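FYI, the numbering just counts along the sequence from 1. Note that ligands are numbered from 1 as they come in the structure, with each ligand's atoms numbered from 1 the same way. Just so it is clear, the structure is predicted and the values come from calculations on it, not from any experiment.
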Amino acid sequence: METVNQIHQLRQLLKDKKAENPGLTVGFVPTMGFLHRGHASLMEAARRECDLVVLSIFVNPLQFGPNEDFERYPRDEQRDLEIAGKAGVDLVFFPQVEEMYPSPTKTIVSVSGVSEGLCGASRPGHFDGVSTVVTKLFNIVQPDRAYFGLKDAQQVAVIEQMVHDLNMPVTIVPCPIVREADGLALSSRNVYLNEEERRQALVLSAALNAAERFIEERGREATAAELTRVIRQEIGKSALADIDYAEVLTYPALEPFATLEAGQRIITALAVRFGRTRLIDNRILNIR
Ligand code: AMP
């Protein structure tokens with residue numbers, strides 16, 4: 001496994017490898033590091049499907065708000081490289097902020113519609129930061145396939161829209177959410193939780209389970225309003241949980257609906273604060 005910090009080094013390496021093997025397919029996994037099994041599942045999928053696997057580790061300041069956790073975002077370069085090596089990554093791109101933004105960017109890629117609700121509403125500018133850095137990374141790596149986790153289902157919807165609208169020559173591969181044995185979705189931010197918060201954070205997956213059960217019991221008679229009530233009730237069982245949003249929408253359009261229809265794909269999506277830590281989780285359901 002090779003690690004590079006500079007864009008021109010990465011470009012040269014990729015050029016050399018493609019010259020050796022013109023049919024080479026490149027799989028790309030963009031991350032912010034502090035890697036866990038969720039990230040590893042993306043790298044492993046890329047390993048299975050592509051000749052060359054590129055991982056990027058970059059905590060992108062552009063996607064953090066002024067009062068968010070950019071400064072204290074957890075970092076562990078050594079451990080990340082071990083995890084990447086075990087997952088079969090070939091090339092790690094590890095740029096500094098100055099390498100990606102030598103001067104303040106005057107070009108922003110902004111996807112309207114799908115980026116506006118949920119996390120887009122509670123984190124203004126977040127998805128502009130994401131779509132801009134992903135565009136830069138796609139231009140640098142020029143991958144055939146790029147792997148994203150459905151843990152960030154809205155991010156997947158935003159990136160798919162961007163790739164479609166701008167004719168980017170890359171296939172987006174959405175990958176399932178990886179969870180702890182007790183149901184908590186893996187996240188780099190889980191390390192912020194104290195013991196009691198970690199225990200109570202189980203209400204997120206419990207709320208998604210409750211909504212899914214409600215649909216199984218009621219079938220298409222279940223309404224979006226009832227589902228939201230079931231979810232809020234479940235989260236209400238935690239005294240520490242402070243709901244940022246709890247919504248039921250169509251997926252990937254992320255539009256509200258009143259009643260369920262056969263063949264519809266919906267998402268139950270949550271963002272909940274425990275102290276200073278904001279956790280997100282979701283489930284995508286196919287309505288029969
Ligand atoms: P991040 O480092 O948080 O920006 O995440 C990098 C990529 O890993 C994104 O595509 C995330 O959706 C994905 N990811 C993060 N956590 C998980 C998880 N628990 N399961 C699957 N994918 C995940």
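In terms of polar-atom proximity, M32 is counted as a contact of ligand 1, with an N or O under 3.5 Å from an N or O of the ligand. At under 3.5 Å, a nitrogen or oxygen of V178, whether backbone or side chain, sits near a nitrogen or oxygen of ligand 1. Any N or O atom pair closer than 3.5 Å counts here, and T31 shares no such pair with ligand 1. Ligand 1 has no N or O atom lying under 3.5 Å from any N or O atom of Y147, backbone or side chain.
Residue L42 has at least one heavy-atom neighbour below 4.0 Å for each of these atoms of ligand 1: 7 (C), 8 (O), 10 (O), 13 (C). With ligand atoms numbered from 1 in the order given, ligand 1 contributes 16 (N), 17 (C), 18 (C), 19 (N) to contacts under 4.0 Å with heavy atoms of L186. For ligand 1, the atoms closer than 4.0 angstrom to any heavy atom of F148 are 10 (O). Within the listing of ligand 1, atoms 15 (C), 16 (N), 17 (C) sit less than 4.0 angstrom from a heavy atom of H36. For ligand 1, the atoms sitting less than 4.0 Å from at least one non-hydrogen atom of P30 are 6 (C), 7 (C), numbered in the order shown with element in parentheses. Proximity to G149 (heavy-atom distance under 4.0 Å) selects the following atoms of ligand 1: 9 (C), 10 (O), 11 (C), 12 (O), 13 (C), 22 (N). Each of the following atoms of ligand 1 lies closer than 4.0 Å to a heavy atom of I177: 20 (N), 21 (C). Close contacts between ligand 1 and P176 involve ligand atoms 20 (N), 21 (C) [criterion: under 4.0 Å to a heavy atom].
The minimum heavy-atom distance linking P30 with S56 is given by the pair CA-OG, 3.3 Å. Residue P174 comes nearest to I172 through the heavy atom pair CD-O, 3.4 Å, listed as atom of the first residue, atom of the second, then distance. Smallest separation of non-hydrogen atoms from C119 and I280: SG-CG2, 4.0 Å.
Scanning R179, K151, R189 for the heavy atom closest to atom 17 (C) of ligand 1 points to K151.
Summary of contacts: the protein heavy atom closest to atom 3 (O) of ligand 1 is Y73 OH, 3.9 Å. Protein heavy atom closest to atom 5 (O) of ligand 1, with residue, atom name and distance, is H39 NE2, 3.4 Å. Among all non-hydrogen protein atoms, the one lying nearest atom 11 (C) of ligand 1 is D152 OD2, 3.1 Å.
Judged by a 6.0 Å distance limit and a 45° cone about the ring axis, R198 is not positioned over the six-membered ring of Y192. Taking the ring axis of Y251 as reference, the NZ or CZ atom of R283 does not stay both within 45° of it and closer than 6.0 Å to the ring centre.
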Task: CA sep, side-chain torsions, deciding dist, call: R47, D90, salt bridge (charged side-chain N to carboxylate O under 4.0 Å, His left out) - done: CA-CA 9 Å; R47 180 71 286 159; D90 298 300; 2.9 Å; yes

Task: side chain to side chain donor-acceptor pair (under 3.5 Å) assessment of Q9 paired with N5 - done: CA-CA 8 Å; Q9 293 172 323; N5 307 110; 6.0 Å; no

Open item on the list: Before you tell me yes or no, could you show the steps for R276 and E68 under salt bridge (charged side-chain N to carboxylate O under 4.0 Å, His left out), namely the whole-Å CA-CA distance, both residues' side-chain angles and the distance that decides it to 0.1 Å?
Closed with: CA-CA 10 Å; R276 286 167 75 200; E68 293 185 354; over 6 Å; no

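At a cut-off of 3.5 Å, with distance as the only test, a side-chain donor of S122 or D244 sits close to an acceptor on the other residue. In summary, the side chains of Y147 and R145 do present a donor paired with an acceptor at a separation below 3.5 Å, with no hydrogens or angles considered.
No part of S187 comes within 4.0 Å of ligand 1, judged by heavy-atom distances.
Taking a 6.0 Å sphere around CZ of R220, one finds it holds 12 or fewer heavy atoms contributed by other residues, nucleotides or ligands.
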